Amino acid sequence: MFQKILIANRGEIACRVAATARRLGVRTVAVYSDADANARHVAACDEAVHVGGALPRDSYLRWERILDAAKSTGAQAVHPGYGFLSENQDFARACADAGLVFIGPPPAAIAAMGSKAAAKSLMEAAGVPLVPGYHGDDNDPALLAAEADRIGYPVLIKASSGGGGKGMRRVGRAEDFAAALASGQREARSSFGSDHVLVERYVTRPRHIEIQVFADTQGQCIHLFERDCSVQRRHQKVLEEAPAPGMSQARRAEMGAAAVAAARAVGYVGAGTVEFIAEEAGDGDLRFYFMEMNTRLQVEHPVTEAITGLDLVEWQLRVAAGEPLPLVQEQIGRRGHAIEARICAENPDAQFLPATGTLVHARWPAHVAFERSETMPRIDRGFDAGDAITPFYDSMIAKLIVWGEDRAQALRRLDAALAATQLVGVQTNVAFLRRVVATRAFAQADLDTALIERESVALFDAAPLAPEVAAAGVVALAREEEQALEGAEPWSRRDGWRLHGGARRRFDLELGGAPLVAYLTRLHDGATVLELGERRWNLLTRALGAGRHDLTLGERRLTLAAYRDGERVAVFAPEGSAVVTEVDRLAHAGDHAGEGGKLTAPMPGKLLQLMVGVGDKVAKGQPLAVMEAMKMEHTLLAPRDGEVGELLYRVGDQIAEGAELLRLSAT
């Protein structure tokens, strides 16, 4: 076993690798950028080396600096995590040239699977089923359009290199193909340095099922069952589970054998994932096609660990050190059901626009032992309270993993764990995840990659907390804050008591983008009443500490939590959560109409494309520009009808959040 390894990554995966290394007595070296000087993964390792600026190309992708860091600290091996350099054959080769062990597959295996087109040719030769499509080298747009016509719409354009949905576009009509191809190639070139794509038939109601494989240097290759990763947004996974619901044992064995054949075909070593697209077959089972192989550890590996009781990072280290696989295929068992939820800084109601900011408060669900190899729920996270979520990297904050004896129990535990997750300061998808878990489709395992679109009515623009609960949370926090300022003498009390009559306080709030006016009235006998319009509730509040409050609201009693972040108050109740804005009427008294209608950057990022010029007339909702932030493209639409009067930025410029991109004048 190694004595010291360098982890060439950041965030939760760096923390995850460091945890296993610590358990095995292996020392760790972290690398960090300017933006990550105080990051959690730096503290999780024994040593840390600064490797450059905030942008990945200036730090985490500068492999010469990473190799220098490994050599200067005496590390014997490099764990690449996932993303960044994890599937870079040149980096793997450079590690070997520097006398370092790359904790991953050989460069030749990475190269073989690095091109989706070349990989499909290899898989066809190995007898692994393929989706009908075009996988050739010629990427002439006219040829690709002709191939799409031959295949038949809808088709899927996919970047030949990389993954994570980057460069992927679904096209339903021939007239949309050229624009989708240009956009997909641009995103692929930005993400992977190559704009080569392939075109395939779009499988109707596809499920995304992958097999975890492992191979050692002695020629052994096994699989550790499957994961269903069908629930996705923008071609990126949201919820993953193991085992895949509704799959027969015969099909499970067949898919596992195909995955092992795929790994053997490229001389694979280490942890890898063979991904398949599956669809309903006529016999009620699943028909599957090879999609790609990820030559690294996957984000969703914890669900496999949860059902097998194995530590896949430990296996990676042992195999890389030359040891044989700890178990043979017949010794690997599974028990129960596990689900992982990816918690991201993003706004689901705005097409999952990434969010940035400081995590001012973080409360995670308590761990409980379930007679497994570890306690659950498991939280793999890369951030603590006080950490900044920057625009330079992926938007994932943490992964929440639960296990149950069966899927129904795992679902209940997942909802409870999400309900107990309280993050303040940055917009997240936690409430959205709870809504997904509660949908009929997910609860009944009616899965496919379009589940989120199919359930859009229930998932998007959903009403936040009931207005009275949200307002009661703000009131409870305000009363706690007032009581903290009170002195011992009665003249310092700020609770609204009057010698004669009652007192009434107005709260101007905004909930879900809509104004909400609440009144708290304190009666002469000390009772308090909450009013919203014509509705009234008797209200009793008692602070429990740590932001928690015991409330009696009319006939209902509940415990909720409320935390302040400036003028915003995050309220967490049993049925959900909401961010309520307290509006300062004096501060907004000078606001006037006519300031709206600007096209502003919704997040910090890079301007990739301008679709209009000065003098162009535009209609509300028309695409005007494309920005890139957190490794994803975002199309910005015209906020109203008008004429472009001035362009304030050029393509390639870095733009701050809230900056005006162009000026629209009325037509």
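These values consider heavy atoms only, across backbone and side chains, with no hydrogens, waters or symmetry-generated copies. Treat the numbers as computed from the prediction; the structure is a model and nothing was measured.
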> Between Asp36 and Arg10, is there a salt bridge with N-O shorter than 4.0 Å?
Replying inline: yes
>> I need the Asp228 CG to Glu241 CD distance, nearest 0.5 Å.
In response: 5.5 Å
> Is it the case that more than 12 heavy atoms not belonging to Asp140 sit under 6.0 Å from its CG atom?
Replying inline: yes
> Is it true that a side-chain atom of Gln185 and a backbone atom of Ala182 form a donor plus acceptor pair closer than 3.5 Å?
Replying inline: no
> Can Leu509 and Val583 be said to form a side chain to side chain contact (heavy atoms under 4.5 Å, CB included), step by step?
Replying inline: CA-CA 6 Å; Leu509 311 173; Val583 180; over 6 Å; no
>> Taking the basic N atoms (NZ, or NE/NH1/NH2) and the acidic carboxylate oxygens, is any pair closer than 4.0 Å for Lys617 and Glu643?
In response: yes
> So Arg169 and Ser183, side-chain hydrogen bond (donor to acceptor under 3.5 Å, both in side chains) or not? Walk me through it.
Replying inline: CA-CA 8 Å; Arg169 299 291 186 271; Ser183 174; 2.9 Å; yes
>> Show, in sequence, the C-alpha distance, side-chain angles and deciding distance for His361 and Asp565, and conclude whether the side-chain hydrogen bond (donor to acceptor under 3.5 Å, both in side chains) test is met.
In response: CA-CA 9 Å; His361 170 80; Asp565 179 24; over 6 Å; no
>> Out of the candidates Arg506, Arg568, Arg564, only one should pair with Glu582 under the salt bridge (Lys or Arg N to Asp or Glu O under 4.0 Å) rule; please name it.
In response: Arg564
> Do Lys237 and Cys229 have side-chain heavy atoms sitting under 4.5 Å apart?
Replying inline: yes
> Checking side chain to side chain contact (heavy atoms under 4.5 Å, CB included) for the pair Ser395/Phe352: CA distance, chi angles, key distance, verdict?
Replying inline: CA-CA 10 Å; Ser395 63; Phe352 300 97; over 6 Å; no
>> Does Arg440, at its CZ atom, have more than 12 non-hydrogen atoms belonging to other residues, nucleotides or ligands within less than 6.0 Å?
In response: yes
> So, are Asp387 and Arg40 salt-bridged, with charged N and O less than 4.0 Å apart?
Replying inline: no
> Under a 4.0 Å N-O cut-off, is there an ion pair linking Glu468 with Arg535?
Replying inline: yes
> Do other residues, nucleotides or ligands put more than 12 heavy atoms under 6.0 Å from Arg536 CZ?
Replying inline: no
>> The test is side-chain hydrogen bond (donor to acceptor under 3.5 Å, both in side chains); show your working for Ser59 and Tyr32 and say whether it passes.
In response: CA-CA 7 Å; Ser59 50; Tyr32 65 93; over 6 Å; no
> Is it true that Arg201 and Glu147 have a side-chain N and a carboxylate O under 4.0 angstrom from each other?
Replying inline: no
> Please walk me through it: do Glu200 and Tyr134 pass side-chain hydrogen bond (donor to acceptor under 3.5 Å, both in side chains)?
Replying inline: CA-CA 6 Å; Glu200 293 180 338; Tyr134 172 74; over 6 Å; no
> What distance do Leu532 atom CG and Phe507 atom CZ have between them, rounded to the nearest 0.5 Å?
Replying inline: 11.5 Å
>> Working to the nearest 0.5 angstrom, can you tell me the gap between Asp508 CG and Glu510 CD?
In response: 11.0 Å
> Do Asp446 and Arg205 touch side chain to side chain, with heavy atoms closer than 4.5 Å?
Replying inline: yes
> What is the distance from atom CG of Leu610 to atom CG of Leu636, rounded to the nearest 0.5 Å?
Replying inline: 9.5 Å
> Looking at CG of Leu414 and CG of Leu433, how far apart are the two atoms once the value is rounded to the nearest 0.5 Å?
Replying inline: 8.0 Å
> Given Met611 and Leu624, is the side chain to side chain contact (heavy atoms under 4.5 Å, CB included) satisfied, shown in steps?
Replying inline: CA-CA 5 Å; Met611 302 172 180; Leu624 300 185; 5.7 Å; no
> With sequence neighbours excluded, what pairs up with Glu455 under the side chain to side chain donor-acceptor pair (under 3.5 Å) test?
Replying inline: none
>> Applying the side-chain hydrogen bond (donor to acceptor under 3.5 Å, both in side chains) criterion to Arg233, which one of Gln351, Glu346, Glu453 satisfies it?
In response: Glu346
>> Less than 6.0 angstrom separating the ring centers of Phe460 and Phe432, yes or no?
In response: yes
> After noting the C-alpha distance and the side-chain angles of Tyr153 and Tyr202, does the key distance pass the ring pair (Phe, Tyr, Trp, His ring centres under 6.0 Å) rule?
Replying inline: CA-CA 7 Å; Tyr153 288 92; Tyr202 182 81; over 10 Å; no
